[in-house]
2 protein chains.
Amino acid sequence: MITQKAKYALRALTVLAEADDGEPVMISDIAAQQKIPKKFLEQILLDLKHQGIVVSRRGKQGGYLLLKPADMITFGEVLRIIDGPIAPLPCLSITAYRKCDDCDDEQNCEIRHVFAKVADATRKVLFSTTIADAVAPRGAEVTRMLA
Amino acid sequence: MITQKAKYALRALTVLAEADDGEPVMISDIAAQQKIPKKFLEQILLDLKHQGIVVSRRGKQGGYLLLKPADMITFGEVLRIIDGPIAPLPCLSITAYRKCDDCDDEQNCEIRHVFAKVADATRKVLFSTTIADAVAPRGAEVTRMLA
DNA sequence: TTAATCTCTATTGATTTAGTAGGGTTACAC
DNA sequence: GTGTAACCCTACTAAATCAATAGAGATTAA
């Protein structure tokens with residue numbers, strides 16, 4: 001299960017993706033629109049800012065904007081920032097590799113072998129889907145395939 | 001990430017799969033062989049027993065055996081028993097569906113749509129891989145494909 | 001200059017994780 | 001028929017994580 005926090009982050013980004021270009025959206029507007037506790041959302045957006053996903057403007061008329069175009073922000077990178085490694089085992093993580101405590105011969109680990117496939121399949125989906133895909137009207141994928 | 005408990009469960013089952021047919025394996029042997037805390041393993045095997053994956057014999061000369069052949073026990077069903085739902089969102093779980101608190105129109109949820117693909121891809125791997133696959137010598141898959 | 005807005009750190013209660021503890025029950029071996 | 005080696009079951013606990021809340025600080029437009 002992904003965390004509530006990650007869900008909030010993705011929803012918040014879809015709001016920013018749908019905003020007019022260059023127009024910052026206030027935290028409180030995002031929070032209201034997506035039913036996210038405002039103070040919690042503040043932390044989330046701050047994380048996303050520190051990791052280069054969004055930018056902010058302070059003071060009156062301030063708010064948040066996407067730093068990159070929505071079709072350049074993948075679900076995978078957002079999940080990594082908020083929830084940590086995508087991989088189901090530490091020894092399969094690309095960004096946070098760690099040997100399993102109870103495993104000595106990693107190459108021959110029966111478990112690892114199977115979960116490597118799971119990780120690949122998951123990554124394939126998460127890194128090929130962007131925030132733009134999420135906000136696209138349903139049926140857009142078909143449209144694109146026909147184009 | 002899957003839990004340590006699930007990893008232990010899968011490893012324990014591979015031990016049972018490699019045991020001689022009809023020969024029970026003692027908890028302490030499994031624990032020693034796979035470096036699993038014995039008392040913790042007791043609980044795990046008990047769960048697996050209650051869910052019809054293994055059977056036990058009590059008393060002296062007792063131990064555990066697989067209830068079904070190893071190639072009929074999938075990673076998916078073991079994970080469900082130990083870690084709960086496979087799905088990354090409660091609203092995508094087959095066995096434990098629950099509406100997301102913050103979501104009213106499930107059909108049009110942008111997030112759900114993406115994670116449905118993740119769930120499908122994950123299930124495809126987890127329910128097509130069995131304990132028998134895990135214990136099979138490396139290269140067996142290729143062998144099978146050439147056969 | 002003031003009010004609206006983001007920034008940052010700390011704290012908290014609930015839940016989950018990864019075990020430990022400690023009896024109880026069963027059945028083989030002698 | 002008794003001892004003891006095995007599984008059975010429930011409860012407990014320490015640490016980590018999750019989902020927030022709290023509150024003071026910094027910045028900027030009006």
Side-chain angles (χ1 to χ4, degrees), chain A residues 1-12 16 22-32 34-51 53-65 67 79 81-85 88-90 96 98 100-102, chain B residues 1-12 16 19 23-32 34-51 53-65 67 79 81-85 88-90 96 98 100-102:
Chain A
M1 294 270 177
I2 66 169
T3 63
Q4 188 65 33
K5 197 172 175 183
K7 240 192 301 180
Y8 287 158
L10 291 167
R11 284 195 203 288
L16 297 184
E23 276 303 302
V25 185
M26 288 190 302
I27 292 177
S28 40
D29 286 350
I30 302 172
Q34 294 287 341
K35 297 194 216 163
I36 305 173
K38 187 184 161 200
K39 288 299 257 178
F40 196 24
L41 180 56
E42 279 185 22
Q43 292 179 36
I44 294 169
L45 288 169
L46 216 45
D47 278 357
L48 294 176
K49 179 188 167 183
H50 291 322
Q51 302 300 320
I53 307 290
V54 299
V55 284
S56 64
R57 282 227 286 271
R58 283 160 79 137
K60 231 171 195 169
Q61 313 292 58
Y64 277 90
L65 303 92
L67 176 57
L79 279 186
I81 291 167
I82 304 296
D83 278 358
L89 292 174
R98 214 169 52 75
C100 293
D101 298 330
D102 56 330
Chain B
M1 295 271 177
I2 67 168
T3 63
Q4 188 65 33
K5 196 173 175 182
K7 239 191 302 181
Y8 288 157
L10 290 168
R11 284 197 203 287
L16 296 185
E23 276 304 302
V25 185
M26 288 190 302
I27 292 177
S28 40
D29 286 349
I30 303 172
Q34 294 288 341
K35 298 193 216 166
I36 305 172
K38 187 184 160 199
K39 288 299 259 178
F40 196 23
L41 180 57
E42 276 188 28
Q43 291 179 35
I44 294 169
L45 287 170
L46 216 45
D47 277 358
L48 294 176
K49 179 189 167 181
H50 291 322
Q51 301 301 321
I53 306 291
V54 298
V55 283
S56 64
R57 282 228 287 269
R58 284 161 79 139
K60 233 171 192 168
Q61 314 289 59
Y64 277 91
L65 304 92
L67 176 56
L79 279 185
I81 290 167
I82 304 296
D83 279 358
L89 292 174
R98 214 170 52 75
C100 293
D101 298 331
D102 57 329

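Computed over heavy atoms, backbone and side chain alike; hydrogens, waters and symmetry mates excluded. Note that this is a predicted model, so its numbers are computed, not measured. Quick note on labels: first sequence line is chain A, next is B, and so on, each numbered from 1.
In this structure, Ile36(A) CD1 and Leu45(A) CG are separated by 8.0 Å, a value rounded to the nearest 0.5 Å.
Chain A approaches DNA chain D over the interval dC18(D) to dA30(D), counting the first and last nucleotide 5' to 3' with an atom under 4.0 Å from its heavy atoms.
When rounded to the nearest whole Å, the span between CG of Asp29(A) and C1' of dT5(C) equals 11 Å. Distance, Leu41(B) CG to dG19(C) C1': 12 Å, rounded to whole Å. We find that NZ of Lys60(A) is positioned 6 Å from P of dA4(C), with the value rounded to whole Å.
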Reading nucleotides 8-17 of chain C from 5' to 3' and marking B where a protein heavy atom lies under 4.0 Å of the base, S where only the sugar-phosphate is that close, and - otherwise, the string is B-B------S
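Under the side-chain contact (heavy atoms from CB on, under 4.5 Å) criterion, Arg58(A) pairs with no residue, sequence neighbours left out. For Lys35(A), the side chain to side chain donor-acceptor pair (under 3.5 Å) partners at least two apart in sequence or on another chain are Asp104(B). Take Ala31(B) and apply the side-chain contact (heavy atoms from CB on, under 4.5 Å) test, not counting sequence neighbours, and it matches Lys38(B), Leu41(B). Asp29(A) is linked by a salt bridge (Lys or Arg N to Asp or Glu O under 4.0 Å) to nothing, counting only residues two or more places apart in sequence or in another chain. Qualifying side chain to side chain donor-acceptor pair (under 3.5 Å) partners for Thr3(A), counting only residues two or more places apart in sequence or in other chains: Asp83(A). Residues passing the side chain to side chain donor-acceptor pair (under 3.5 Å) test with Tyr64(B), sequence neighbours excluded: none. For Ala32(B), the side-chain contact (heavy atoms from CB on, under 4.5 Å) test picks out no residue, with sequence neighbours left out.
Note on Leu45(A): nothing from the nucleic acid sits closer than 4.0 angstrom, heavy atoms only.
Phosphate contact (OP1/OP2 of dG19(C), side-chain N/O of Tyr8(B), threshold under 4.0 Å): present.
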